[in-house]
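Just the heavy atoms: all of them, side chains too, but no hydrogens, waters or symmetry mates, feed the values below.
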Amino acid sequence: QAQLIESGGGLVQAGGSLRLSCAGSGRTFRNYIMAWFRQAPGKERESVATINWSGGSTYADSVKGRFTISRDSAKITVYLQMNSLKPEDTAVYYCAAKLAYAGASYEYWGQGTQVTVSS
């Protein structure tokens with residue numbers, strides 16, 4: 001069975017950095033778009049960053065210039081490097097994957113990893 005498992009979350013001071021990892025198993029996720037989402041308490045889940053098979057990426061305006069998504073296809077792993085963290089970045093971060101065609105939904109989700117940024 002295909003799975004996504006996140007790791008790397010934790011507690012960090014504002015201005016600090018964390019690197020999240022999402023390890024896939026059960027498939028290569030070729031032709032999939034991989035993404036990071038986050039959800040803070042009382043807030044709706046939002047897309048943070050996406051990356052396609054060839055390495056093209058997108059970012060939410062709130063994290064642009066601070067976060068970087070990358071992908072290691074050989075290891076079936078995606079990363080989210082988070083720099084200059086702010087308290088408002090505090091959330092549960094989820095890795096997700098969807099087929100790279102119009103109308104596809106994110107059918108694979110990890111269980112999430114908590115990121116807490118202190119003031």
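Across all non-hydrogen atoms, the minimal contact from Trp36 to Val78 is CZ2-O, 3.9 Å. Here the closest heavy-atom approach between residue Arg66 and residue Ser84 is recorded as NH1-O, 3.0 Å. When all heavy atoms are compared, the tightest approach of Ala91 to Gln114 is O-NE2, 3.4 Å. Nearest heavy atoms, Ser57 versus Ile69: CB-CG2, 3.6 Å. Of all heavy-atom pairs between Thr113 and Gly9, the closest is OG1-N, 3.2 Å. Nearest heavy atoms, Ala104 versus Leu99: CB-O, 3.1 Å.
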Candidate pair Ser17 and Gln81, rule side-chain contact (heavy atoms from CB on, under 4.5 Å), full reasoning: CA-CA 7 Å; Ser17 298; Gln81 178 66 47; 4.0 Å; yes
Test log, rule salt bridge (Lys or Arg N to Asp or Glu O under 4.0 Å), inputs Asp89 and Lys86: CA-CA 5 Å; Asp89 294 319; Lys86 305 173 181 179; over 6 Å; no
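We find the CZ-CG distance between Arg19 and Asn83 to be 11.0 Å, quoted to the nearest 0.5 Å. We find the OG-CD1 distance between Ser70 and Ile51 to be 6.0 Å, quoted to the nearest 0.5 Å. Annotation: the span from Glu46 atom CD to Ser62 atom OG amounts to 5.0 Å, rounded to 0.5 Å.
Note on Val63 and Val12: same hydrophobic cluster, where clusters join Ile, Leu, Val, Met, Phe, Trp and Tyr whose side-chain heavy atoms are under 4.5 Å apart, directly or indirectly. A single hydrophobic cluster is seen to contain both Leu20 and Tyr59, as judged by linkage of ILVMFWY side chains at heavy-atom distances under 4.5 Å, directly or through other members. Hydrophobic clustering, with ILVMFWY side chains joined whenever heavy atoms are under 4.5 angstrom apart, groups Leu4 together with Val48. Hydrophobic clustering (ILVMFWY, side-chain heavy atoms < 4.5 Å, transitive): Leu80 and Leu18 are in one cluster.
Judged purely by distance below 3.5 Å, without hydrogens or angles, the side chains of Asp72 and Thr77 never pair a donor atom with an acceptor atom.
Within a 6.0 Å sphere centred on CD of Gln111, other residues, nucleotides and ligands contribute 12 heavy atoms or fewer.
Put simply, the side chain of Tyr32 reaches to within 4.5 Å of the side chain of Arg27, judged on heavy atoms.
The closest donor-acceptor contact from the side chain of Ser105 to the backbone of Glu107 lies at 3.5 Å or more, if one exists at all. Looking only at distances, a side-chain donor or acceptor of Glu6 sits under 3.5 Å from a matching main-chain atom of Cys95. Side-chain atoms of Thr90 come within 3.5 Å of backbone N or O of Val117 as a donor-acceptor pair.
Classified by interplanar angle (parallel below 30°, tilted 30° to 60°, perpendicular above 60°), the ring pair Tyr93/Phe67 is tilted. Taking the six-membered ring where tryptophan is involved, the planes of Phe29 and Tyr108 are perpendicular, since the angle between them exceeds 60° and thus also 30°.
Arg71 forms no cation-pi arrangement with Tyr79, by the criterion of a distance under 6.0 Å to the ring centre and an angle within 45° of the ring axis. Relative to the six-membered ring of Tyr94, Arg38 misses at least one condition, a distance below 6.0 Å or an angle of at most 45° to the axis.
Taking Thr50 as the reference, Ile33, Ala35, Ser47, Thr58, Tyr106 meet the side-chain contact (heavy atoms from CB on, under 4.5 Å) condition, with sequence neighbours excluded.
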